[in-house]
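Everything below concerns the one structure shown next.
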Amino acid sequence: MTLDNFRALRVLGAMLLAVVAFGARGEVTFGTSQVKIGTHPLKVEVAAADPQRTQGLMFRKSLGKDDGMLFVFDEIEYHSMWMKNTLIPLSV
C-alpha cells in the first residue's frame, strides 16, 4: 500500500466515522466569521474540524447571496472536496 493510498483510506475512514457519529443531516454546528475578498464582505460558516468538513453544505436548500463556507485544515497539503448531497449550486 502506498502512502497516498493510506492517506486516502484514512480520510475516507474519518469521514465515515464523522457521518456515523454526527449524522448526515445538519446535526453538526458551525461558527461564523466575517471575511472580506477585496472590498466584498462575506459571512462564512467555518468548517475547521473533521465532522464540520464532512458535513459541509450537504442537504442545504439555500445559501445567502453573500454567505459561504470556509474550510480550514491543520496541515498544508492537497485536500479533496466531495460535494455529495448538495442541493445548491457550488463554486470552490
Side-chain angles (χ1 to χ4, degrees):
M1 177 179 290
T2 68
L3 182 58
D4 287 337
N5 287 345
F6 176 75
R7 285 181 179 159
L9 285 174
R10 190 181 84 190
V11 168
L12 287 174
M15 289 173 63
L16 179 60
L17 287 174
V19 169
V20 170
F22 294 94
R25 291 197 178 259
E27 295 177 23
V28 176
T29 58
F30 299 90
T32 61
S33 184
Q34 297 288 325
V35 298
K36 206 179 248 192
I37 306 296
T39 60
H40 191 79
L42 300 171
K43 181 181 88 179
V44 296
E45 294 180 54
V46 180
D50 283 337
Q52 295 165 329
R53 289 188 294 260
T54 301
Q55 176 71 35
L57 292 169
M58 286 198 302
F59 303 108
R60 299 283 181 98
K61 294 182 180 171
S62 64
L63 190 64
K65 179 180 178 244
D66 294 321
D67 294 352
M69 183 166 284
L70 179 65
F71 290 83
V72 179
F73 295 92
D74 294 329
E75 61 283 333
I76 297 172
E77 63 181 69
Y78 289 104
H79 296 278
S80 300
M81 303 301 255
W82 182 22
M83 319 260 183
K84 182 175 178 160
N85 299 316
T86 51
L87 309 174
I88 56 176
L90 296 177
S91 62
V92 178

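Since this is a predicted model, take the numbers as computed values, not measurements.
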(message) Restricting to side chain to side chain contact (heavy atoms under 4.5 Å, CB included), what partner residues turn up for Asp74, sequence neighbours left out?
(response) none
(request) Provide the closest heavy-atom pair for Ala47 versus Phe30 in the form atom of the first, atom of the second, distance. (result) CB-CE2, 4.0 Å
(message) Using a 4.5 Å cut-off between side-chain heavy atoms of Ile, Leu, Val, Met, Phe, Trp and Tyr, which other residues end up in the same hydrophobic cluster as Val46?
(response) Val35, Ile37, Leu42, Val44, Leu70, Val72
(message) Which heavy atom of Arg60 sits nearest to which heavy atom of Ile88, and what is that distance?
(response) O-CG2, 3.5 Å
(message) Checking His40 now: which residues fulfil side-chain hydrogen bond (donor to acceptor under 3.5 Å, both in side chains) with it, not counting sequence neighbours?
(response) Asp66
(request) Check side chain to side chain contact (heavy atoms under 4.5 Å, CB included) between Met83 and all other residues, then give those that pass, not counting sequence neighbours. (result) Met81, Thr86, Leu90, Val92
(request) May I ask you to list the residues sharing a hydrophobic cluster with Ile76, side-chain cutoff 4.5 Å, ordered by chain and number? (result) none
(request) Using side chain to side chain contact (heavy atoms under 4.5 Å, CB included) as the criterion, list what pairs up with Thr32, not counting sequence neighbours. (result) Glu45
(message) With rounding to the nearest 0.5 angstrom, report the NZ to OG1 distance, Lys84 to Thr54.
(response) 12.0 Å
